[in-house]
Amino acid sequence: MSSLLRKMASKKQRATEILLILKRLYPGATCSLDYQTPVQLLVATILSAQCTDERVNKVTPALFQRYPDAAALAYGDRQEIEELIHSTGFFRNKAKNIQGACRKIVEEFDGEVPQRMEELLTLPGVARKTANVVLAHAFGILAGVTVDTHVKRLSQRLGLTKATDPIRIERDLMKLIPQPDWENFSIHIIYHGRAVCAARKPLCGECQLAHLCPSVQAG
DNA sequence: ATCCCGAGGG
DNA sequence: CCCTCTGGAT
């Protein structure tokens with residue numbers, strides 16, 4: 001066996017070990033966005049860009065009460081939607097994308113969120129991260145690994161990828177993690193990123209992954 | 001000043 | 001590759 005292959009195998013084992021520990025640490029961890037339907041999950045995920053899930057969950061109840069489905073959102077009042085989602089940031093882009101995506105869902109996909117990656121990616125404001133979240137949690141379809149800011153940061157710190165581009169990071173992770181665990185990995189990494197491995201002040205001293213982490217620091 | 005379940009445009 | 005869009009918390 002070449003040294004390259006050995007390296008790959010050990011990295012794969014490390015990824016498996018990491019996920020095992022995180023599953024024990026955060027049992028029952030799931031998508032932390034609140035939603036009732038696939039359309040609502042899609043909208044909540046669009047809103048989650050550069051914004052905490054907690055903050056998204058504060059605006060979606062009023063948004064979905066006023067505009068409960070794709071048709072209501074698509075043909076609703078742009079300014080009112082902007083006001084309802086204002087505190088999530090990027091509110092003009094997000095409102096435009098939500099309405100554009102919902103209009104396309106109504107007019108081209110028969111009012112249903114498409115269940116294929118290729119189709120989801122044609123919706124405005126939807127790229128791989130959002131598509132992966134919707135496919136996994138609304139439909140149970142594991143098309144890829146959700147790479148958000150936490151997955152990116154922790155995957156790099158844990159030495160699972162050297163890439164900086166989310167697409168390449170996703171490709172690396174898809175090779176390291178067995179498909180049934182693709183979304184589990186993202187969810188658990190996100191929990192750990194919020195609770196322990198924060199961007200600014202990682203708590204390496206109390207990190208259960210420290211023995212597997214090449215970036216662990218004292219303190 | 002930096003970060004939060006990003007995406008699109010140049 | 002770069003830049004822009006945005007508010008709220010730390």
Side-chain angles (χ1 to χ4, degrees), chain A residues 19 22 26 28-35 38 40-60 62-63 78-79 81-104 113 117-139 141-158 160-161 163-171 173-174 177 181-203:
Chain A
L19 182 55
L22 293 181
Y26 310 105
T30 182
C31 178
S32 39
L33 294 167
D34 297 335
Y35 64 97
Q40 291 186 0
L41 177 59
L42 175 66
V43 170
T45 310
I46 289 174
L47 290 176
S48 73
Q50 295 295 300
C51 173
T52 61
D53 286 11
E54 195 183 343
R55 181 146 298 281
V56 172
N57 289 337
K58 282 184 180 173
V59 309
T60 45
L63 178 67
R78 172 73 58 89
Q79 276 203 315
I81 293 174
E82 287 182 357
E83 285 162 24
L84 285 166
I85 68 172
H86 179 271
S87 67
T88 67
F90 299 156
F91 60 90
R92 290 188 201 89
N93 282 339
K94 287 176 180 176
K96 192 202 297 179
N97 287 335
I98 287 167
Q99 290 206 290
C102 286
R103 176 166 296 205
K104 197 155 185 177
V113 177
M117 173 65 76
E118 192 188 340
E119 293 174 330
L120 276 168
L121 294 179
T122 69
L123 301 176
V126 178
R128 287 196 65 90
K129 182 257 166 179
T130 300
N132 276 325
V133 170
V134 171
L135 287 172
H137 296 281
F139 303 125
I141 297 169
L142 300 173
V145 177
T146 300
V147 178
D148 74 330
T149 182
H150 296 290
V151 175
K152 175 179 177 180
R153 182 180 69 254
L154 270 69
S155 297
Q156 290 170 339
R157 284 182 178 170
L158 287 163
L160 299 180
T161 182
T164 55
D165 168 27
I167 302 290
R168 290 186 195 173
I169 293 174
E170 182 181 359
R171 213 191 303 138
L173 293 175
M174 287 168 77
I177 301 152
D181 277 319
W182 280 354
E183 191 59 20
N184 279 331
F185 177 83
S186 296
I187 289 290
H188 285 82
I189 285 283
I190 289 166
Y191 270 63
H192 196 62
R194 287 198 288 241
V196 178
C197 191
R200 275 179 275 203
K201 198 181 137 203
L203 306 175

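Worth knowing before you read on, the calculation uses all heavy atoms, side chains too, and leaves out hydrogens, waters and symmetry mates.
For H150(A), the listed nucleotide lying nearest its side chain is dC5(B); candidates were dC5(B), dG8(C), dC5(C). Considering only the side chain of A49(A), dG6(B) comes nearest among dC5(B), dG6(B), dT6(C). With distances taken from any side-chain atom of T149(A) to the nucleotides dC5(B), dC4(B), dT6(C), the minimum falls on dC4(B). Here the nucleotide nearest the side chain of K129(A), chosen from dG8(C), dC4(B), dC5(B), is dC5(B).
Phosphate contact (OP1/OP2 of dT6(C), side-chain N/O of S87(A), threshold under 4.0 Å): absent.
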Name the pairs: protein N/O against N/O of nucleotides 8-10 of chain B, kept only if under 3.5 Å.
| unit_1 | atom_1 | unit_2 | atom_2 | d |
| --- | --- | --- | --- | --- |
| dG8(B) | OP1 | G125(A) | N | 2.7 |

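A donor N or O paired with an acceptor N or O is found under 3.5 Å between the base of dT10(C) and the side-chain atoms of R200(A).
The distance from atom CD of E54(A) to atom C1' of dG7(C) is 14 Å, rounded to the nearest whole Å. Whole-Å rounding puts the N132(A) CG to dA7(B) C1' distance at 14 Å. Between the CZ atom of R194(A) and the P atom of dT10(C) there is a distance of 14 Å, rounded to whole Å. For D34(A) and dC5(B), the CG to P distance is 14 Å, given to the nearest whole Å.
For the pair C51(A) and D165(A), nearest-nucleotide mapping onto DNA chain C gives the more 5' position to D165(A).
Ring-base stacking between F90(A) and dG7(C) is not satisfied when judged by a centre separation under 5.5 Å and a plane angle under 30°.
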